[in-house]
Amino acid sequence: MSARDTGTAALAAYLIRLGDDRLVLGHRLSEWCGHGPILEEDIALTNIALDLIGQAQALLTLGGEAEGKGRSADDLAYFRDEIDFTNCLLVEQPNGDFAQTIARQFFFDAFDHLLASALESSSHRPLAGVAAKARLEAAYHLRHSREWMLRLGGGTEESHRRLQRAVGELWRFTGELFESDDIDRELQAAGIAPDPAPIRKAWEETVSGVLREAGIDVPADEPMRSGGRRGRHTEHLGHMLAEMQIVARSHPGARW
């Protein structure tokens, strides 16, 4: 395999990772449709889900073009098995109660806004273009989840307790957001992907600041879980994909 081929393979893998994160989280949020705690929030979560799925479609389309196997965004979304998905473990965690959904979303939003801002300077212009639009959406997503973190943390004794529990349960999945492997390092050297170190520092400042403001204890250092980038997922992703893919797999090629 030539150096050029290797770069193309790394680019395709990176774009599909980005797309998988947003596809899986978007589907998780869509599960709230019709079940939100209040009507306005039901619509807000659904709109955020649509934003993420729209970003996923754009990124998976670019990923499919880069790999050169003729796979569309729909092929990548609906006709891959669990082991082929490379999303981080955080986004596949179940919704739980509303506090758990908000904590998961806040951790990801704080990361996503920083990442999208950095990717606007990517030397891969199609990716930079997707990131420029996504940054505006990510800013809104972060504002929404931050406000709910403060509201739940400073709300009733029950809402505070549930949010503290959610933060404690999800914290161990946040380290994977900043992991780098050979694919990341190759694309960082090419100016396509950003250095995760400054993003992590800014993320920690944002997250710890909001947790303190919400009166929520920042979890102590603990072993982090990872493996999603290598196709090793928690038991939750398979169940989610079975539901998400059932129509496309049951009726492949179907058209309205």
Side-chain angles (χ1 to χ4, degrees), residues 1 5-33 46 48-95 104-105 108 111-112 115-116 119 122 124 126-127 130-131 134 173 176-177 179-187 192-193 225-256:
M1 181 178 288
D5 291 335
T6 303
T8 301
L11 175 61
Y14 184 71
L15 290 166
I16 290 172
R17 286 179 182 181
L18 296 177
D20 284 350
D21 281 350
R22 286 147 188 81
L23 175 66
V24 171
L25 184 57
H27 186 80
R28 275 287 182 235
L29 286 182
S30 76
E31 294 171 351
W32 273 102
C33 186
T46 303
I48 294 170
L50 285 171
D51 287 344
L52 291 168
I53 290 172
Q55 294 169 20
Q57 184 175 32
L59 291 162
L60 292 177
T61 297
L62 292 177
E65 292 170 355
E67 71 172 5
K69 297 179 181 177
R71 294 197 291 184
S72 67
D74 281 348
D75 293 331
L76 291 166
Y78 296 118
F79 295 97
R80 283 185 297 155
D81 296 327
E82 177 183 348
I83 196 173
D84 300 318
F85 274 74
T86 53
N87 58 276
C88 61
L89 299 181
L90 174 66
V91 298
E92 69 192 45
Q93 298 311 301
N95 289 329
R104 182 190 64 202
Q105 193 66 31
F108 184 82
F111 164 76
D112 193 37
L115 179 65
L119 284 173
S122 172
H124 188 263
L127 174 58
V130 173
F173 297 109
E176 189 179 25
L177 295 171
E179 286 186 349
S180 286
D181 61 11
D182 290 343
I183 291 172
D184 297 290
R185 287 185 283 274
E186 181 175 341
L187 296 184
I192 295 174
R225 291 195 57 183
S226 65
R229 301 301 189 207
R230 301 182 295 281
R232 298 205 295 266
H233 296 280
T234 63
E235 68 274 21
H236 307 298
L237 182 64
H239 295 290
M240 197 207 84
L241 292 180
E243 181 178 273
M244 188 183 82
Q245 296 176 334
I246 187 170
V247 173
R249 291 206 179 214
S250 299
H251 307 281
R255 293 283 185 273
W256 287 101

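Sequential numbering from 1 along the given sequence is applied to the chain's residues.
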Nearest heavy-atom neighbours spanning [X] and [Y]:
X	Y	answer
Ile183	Ala13	CD1-CB, 3.6 Å
Phe85	Ala77	CZ-O, 3.5 Å
Ala116	Ala134	CB-C, 4.4 Å
Cys88	Leu177	SG-CD2, 3.8 Å
Arg225	Phe173	CD-CE2, 3.9 Å
Gly19	Ala56	O-CB, 3.5 Å

*Applying side-chain contact (heavy atoms from CB on, under 4.5 Å), run through Phe108 and Asp21 and close with a yes or a no.*
CA-CA 9 Å; Phe108 184 82; Asp21 281 350; 4.2 Å; yes

*His27 side chain to Glu92 backbone, donor-acceptor under 3.5 Å*: no

*Where the side chain of Arg185 meets the backbone of Ser180, is there a donor-acceptor pair that is under 3.5 Å apart?*
yes

*List the steps and the verdict of side-chain contact (heavy atoms from CB on, under 4.5 Å) for Thr61 and Arg71.*
CA-CA 8 Å; Thr61 297; Arg71 294 197 291 184; over 6 Å; no

In Å, rounded to the nearest 0.5 Å, how long is the span from [atom1] of [X] to [atom2] of [Y]?
X	Y	atom1	atom2	value
Leu76	Leu23	CG	CG	9.5 Å
Gln245	Asp74	CD	CG	11.5 Å
Arg28	Asn87	CZ	CG	10.0 Å

*asked:* With a 4.0 Å cut-off on N to O distance, would you call Arg229 and Asp20 a salt bridge?
replied: no

*Does the pair Asp81/Arg249 count as a salt bridge with the N-to-O cut at 4.0 Å?*
yes

*What do you reckon, is CG of Leu50 surrounded by more than 12 foreign heavy atoms closer than 6.0 Å?*
yes

*Give a yes or no on whether Gln93 atom CD has more than 12 heavy-atom contacts from other residues, nucleotides or ligands under 6.0 Å away.*
yes

*asked:* Assess the residue pair Arg22 and Leu59 against the criterion (side-chain contact (heavy atoms from CB on, under 4.5 Å)); give the C-alpha distance rounded to whole Å, side-chain angles, the decisive distance to 0.1 Å, and a yes or no.
replied: CA-CA 9 Å; Arg22 286 147 188 81; Leu59 291 162; 3.7 Å; yes

*Apply side-chain contact (heavy atoms from CB on, under 4.5 Å) to the pair Asp112 and Gln105, showing each step before the final yes or no.*
CA-CA 10 Å; Asp112 193 37; Gln105 193 66 31; over 6 Å; no

